[in-house]
Each structure stands twice: as structure tokens, then as C-alpha cells.
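Worksheet: one structure, shown below.
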Amino acid sequence: MTNFISKLFPKNTPMSLLIKHNNILKEVTEKLEPLVDKYIKNEDIFELVKFISHKESEADKIKFELRKLFQKKIKTPYAATDMLEMLHKYDFLIDSIEDIAKKMSLNQIDCLDSEVEEHLKQLTKVIMKSLKYLEKMTQKAKKAINSSFAQKYIDDEINESIKIEDLEVKVDKISLKIGKWIYSHKHEHNTLDLIFLKELVMLFVEIADEAENTAELMNAFFK
Amino acid sequence: MTILILASIIGLAMAMAIGANDVANSMASAVGAKAITIKQAVIIAFLLEFTGAFFFGKMVTNTIRKGIVDPQLLTDYRIMIAGGFAALIAASFWVFIATVFSLPVSTTHAIVGGMTGFGIAALGWGSVNWLIIIFIVASWFLSPFLGGLLAFGIFKLISKTILHKDDPLSAAKKIGPSLISLTFFIVMLMFLKKGLHMDNLMFVLAISIITGIIAGFSGYFLLKGIKKKKDDNGYDAVEIGIFRNLQVITSCYVSLAHGSNDVANAIGPLAAIFVAATTQTVETTATIPKFILALGGFGIAIGVALWGHRVMKTVGEGITELTNTRGFSIDFATATTVFLASVLGLPVSSTHTVVGAVTGVGFARGIEALNISKLKEIALSWILTVPLAAVTAAYLFKFFKVMFIK
């Protein structure tokens, strides 16, 4: 037995679905560190890759549900296009983590020394930190809506996005170090392995860039 | 005797349908915002709907009984009995259909449609009080618009003066007593004017102002004691500590007012049948026996207890986005609009006003997602209620006339 008042409210709100999607991003982000560790140690990563792929398809279902929600006429206190763009960005982040996992399962680089291993681990940690701030921003977005967009919450969101921007700069610096390492070892190691490592690092960099873009979009979202 | 038993059964069924469907509408925002549990809502509705119907339902019942079709134009009391049955069955049928399809139709409008259809079929177009019909058509636009406007304003006020402040709890402690005062003023005003039908406006205003002032002062001291919890930045204390309690009061009032107004929809025609059958005349001055009001009140209360909780469960689980500030804005706007309309003599539906109030809060950026596409469906059901109930009642009346009178 339904009631018309319930019919006026969709079962899920766009933000609650985005948070659900973001929770999946959180789950796959937590797997980044063990994934990189195992890869460096040349251990089996099959289970981790399987887990991330499974989560990616779960995220796709939520993405589909959120898009479907906007096919009906829904009145929201923000622009639907902003919400859909944000969803697209979150999805890109999950896809990129899946790409990293799948790429790692294709080839094992044998030439990594302790210096580049340390850079890779550091890069992973910074990326995870950046995504953690993004997760916080998403959770706070719900609070901002509940407070009817109180300035206090909007300021909080801006502060978090500044932290993500700073981390993006850090990621760039680390990626440059790895880049230098790659070119300084071009005569010593297998070229394919070096290209593979460069591509892998580029995927990490893309995640940091997209996290920064998502944070900026989130700030614009409430204005 | 058979006629009275049959009419009582149909009247009781209509009252139960009102209890099952309408009550959930009036309590929806309170249950949705978790101001009250489903069990509490059922108990409040059971007690207050009955109280409202039994003690304050008489005046509205008289309007339904003789306000739409002039009984003095009827020469045969059997026509009144047949017409009462036709109106009651037609209205119950459309309320039932609306319940099945979850359409928020007004039971008031359904019964007015039923009585109008009977009037036209029995005595022609001139026998109907068309002013009431014009008011009803106006109320399709007026009640949701006024409810929406008021809810928009109240929520914006709460946002600006409380939610947007750095310390919402301190702000609420300053603004809260005024809101409490205003709530009690409105509730008392409506109770005296609509519930007790007091005509002395100055007296009613004086009592309401005094009640508001006392409530405001009491509220000031009660709010003083509210403290933030450890991880709360003040919002939870505002929502739960202040607005949740205010919403309990407005919900109780909405329930009482609903019982006093909507019992007439079930027992108005029943009262007409009773008077016609017992006096064998079309009496306009006969008083409505208390047992008929009790039957209506009992029916509403039973409807709430048997099916209302199921509807409320859907509401409680379905609406997760309503916080107490939003719920209070909706309830307050609904109660005030219904009161203002009743002062102006407009037969507005609280169901229609709730829809407007929810939309108003949505437009004030208070609700994250509002299904605008449903509004069209809802508006269509409002417009169709009166003609459909009228046509059904007219055909039923013709049938009863052929079968039992001529």
C-alpha cells in the first residue's frame, strides 16, 4: 500500500546514490596499497583484481540508477547536469583504479629498484589520501544539503578541496621523479617494461587530476 | 430499520476508508521526519480523530447534509434517502479507487460531488448551491498555492535565522520561543474557531494570544536546557530537540482537525438519511444524534488501526529525506492554510494543502529530490473527483428511484 506523499519523494535521492557510489570508490581505494605492495613483491594479485572489477560493475549499476532518476522530472536544489558530471567523474576514478589493477595483471616489471619502489608506494599513499578527502567532501555534501546550504559547510568543502589541490601538486612531483628514473635507466632496462611503468604512473596521475577536478566541481555544485 | 442499518454500514465503510487513507496524509510528514513512530501515529490518530469527529464534527456534518442541495426543494423524504445512499456509495467508490491507485483525492470533494450529482439528477441544475462548487474549483489552485507559499516562507525563515548560523542551537534558542508561541497561537485559534466553532472573534483571538504567550515563555525555559551532544555541531539538537517536539504538537492538531472536518464526509449523507427515515419528512432543523457522530469517529479510528499503519509504514520508510525542520514547515503551513481558508469559508482539502506545502519546501531548496512529474497526476485526480463522483451519484440515484420509489 503506497501513499501519495511517498510518491512525491523518489526512493533514493541523487546525493544518496552518489554517496553509495562514493562508498564503492572508498572500498576500491583501500585496495590500492595492498595491490601496489603485492605487485612490487611479485605476489599474486588475482583476487584483488577480481574484487576491484566486481566493485566496478556494482558502481555501474548505481550509475545507471542515478541516471534513470533524472529521466523523470525531479526538482533538486542543484543543477542535474552538475550531479551527472560529478557522477561521471567518480566513475572515472573507479574505472582508473580498475585499469591500474588490470594493467598490473598483464605484466610484471622486473627492473624496479628500491628507489622507484619507494616512489610508487609514496604515490599510492598520496592518491589514497586525496581520495579520502574527496570521500569526506561527499559525506559533507549531504550535511550541506540538510543544513539548507549553510555557508559553514560550503567553507568546509572549499577547505577540503584545497587539500586535494595540494596533494595533486605532490603527485606531480612524485611522478616527475619516477619519470626521471625511467629516462635515466633507458639503456639498462627493457624498453617495454619502462613504457609499461610510465603508463602505470600516468594512470595514477590521472586519478589525482580527476580528484582535483571533482573537488572543484563539488564546490561549484552548491553555489 | 433495514435502511438505517444499510446506511450505517456504508457510512462506516466510508469512515474506515477515510481513516485508512486520509489519516496517513495528515500524519505523513511527522512519520516521515521520525517525529513520531508509526505506533504513536496510530494511537494519536485513533484517539484524536475520534475526539475531533465526536465532539466537533457536528457543524460540518450539517453543511454536507443540507448545504449543497436545498432539502426544502424536496417534496418526498424517500428522494432524500435515495440521494443520500447514491452520494455515499459514489463517494466511497471513488475514494476506494483513489486509495487503490494512491491518488490524493479529497474525501470532502468526493462527497460534495456525490451530493451535487444527486441534486442535479433529482431537482435539476438550479437546486445546487453553485457557490460551494465555485469555491471548490478555486480551492484546487488556492489551497496548494497558499500552503506552498507559506511552507516556502517558513522554511526560508528557519534556514536564514537558524540553519545558516554558525551556532544553529544558540540561534534556535533565540528564535524558537517565537516559533513555539506562533504554533500554539495558530493551533489554539484553529481549535477554538474550527473545532469548537466559536463565533466571538475577539474572545478567540484573546485566548489564542494568551496561549501563545504562555507557550512562548515555557518554550524559552525548556529550550534553555537543550544541550549539544558530543559529535553534534548543533543541527541535531535543533532538529531533534526543538523541531521534532514542535512537530508532535502540529501533528496532534492536524489529526484533531481532520477528525472534526472529515467525519462529515462519511456521516453527512448518513445523517440526512437518518433524519428522513425517522421523521418521514425532509426535516432541516432536526439535530443529528450523537451516535451517528460516534459511528463516524469510530469508523475513522478503526480504519486507522486496521490499515492506516500500513500506509504510514510506507510513508515512514519511503520518505527518508524529511528532517524535522522540513516536516514542521509542512505541518505548520498546512494547519495555517486550512485555518485561513476556513475563516474565509473556503472548503479546502488538507490533502491538497499538504501537496502544496511539500512542493513549497522543495522550492525553498529544503528537499533534495521532489518528484515533479507526480504533481500532474495528482492535479488531474483533484479535478476529476467532483465530476466523477457527481456522475456516479446521479446514475445511482436514478437507479434507486426506478427500483424503490416509482
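Values below: every heavy atom of this structure, side chains too, minus hydrogens, waters and symmetry copies. Naming: A, B, ... by sequence-line order, numbering from 1 per chain.
- Within 6.0 Å of CZ on B:Phe145 lie no more than 12 heavy atoms contributed by other residues, nucleotides or ligands.
- A 6.0 Å sphere centred on CZ of B:Phe96 holds no more than 12 heavy atoms belonging to other residues, nucleotides or ligands.
- With hydrogens and angles disregarded, a donor-acceptor distance shorter than 3.5 Å links the side chain of B:Arg365 to the backbone of A:Pro77.
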Practice prompt. Carefully, step by step, assess A:Phe149 and B:Leu163 under the rule side-chain contact (heavy atoms from CB on, under 4.5 Å).
Written response: CA-CA 9 Å; A:Phe149 307 96; B:Leu163 298 178; over 6 Å; no
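- Rounded to the nearest 0.5 Å, atoms CG (B:Asn371) and NZ (A:Lys72) are 6.0 Å apart.
- When the shell of 6.0 Å around NZ of A:Lys103 is examined, it contains more than 12 heavy atoms from other residues, nucleotides or ligands.
- A 6.0 Å sphere centred on NZ of A:Lys132 holds no more than 12 heavy atoms belonging to other residues, nucleotides or ligands.
- Of the atoms belonging to B:Phe363, heavy atoms from both backbone and side chain fall under 4.5 Å from chain A.
- Atom OG of A:Ser148 is separated from atom CD1 of B:Ile367 by 11.0 Å, given to the nearest 0.5 angstrom.
- Heavy-atom pairs under 4.5 Å with chain A peak, among B:Ala364, B:Gly366, B:Gly362, B:Ser373, at B:Ser373.
- Once rounded to the nearest 0.5 Å, the distance linking NZ of B:Lys376 with NZ of A:Lys73 reads 6.5 Å.
- For NZ of A:Lys163, the number of neighbouring non-hydrogen atoms (other residues, nucleotides, ligands) closer than 6.0 Å is greater than 12.
- The 12-atom threshold is not exceeded at NZ of A:Lys125, counting heavy atoms of other residues, nucleotides or ligands nearer than 6.0 Å.
- Within a 6.0 Å sphere centred on NZ of B:Lys165, heavy atoms belonging to other residues, nucleotides or ligands number 12 at most.
- Between the CD atom of B:Glu368 and the CD1 atom of A:Ile145 there is a distance of 4.0 Å, given to the nearest 0.5 Å.
- One N or O on the side chain of B:Arg326 and one on the backbone of A:Asn146 form a donor-acceptor pair closer than 3.5 Å.
- For the atom pair A:Ile74 CD1 and B:Leu370 CG, the distance stands at 8.0 Å (nearest 0.5 Å).
- At least one donor-acceptor pair under 3.5 Å links the side chain of A:Lys152 to the backbone N or O of B:Asp166.
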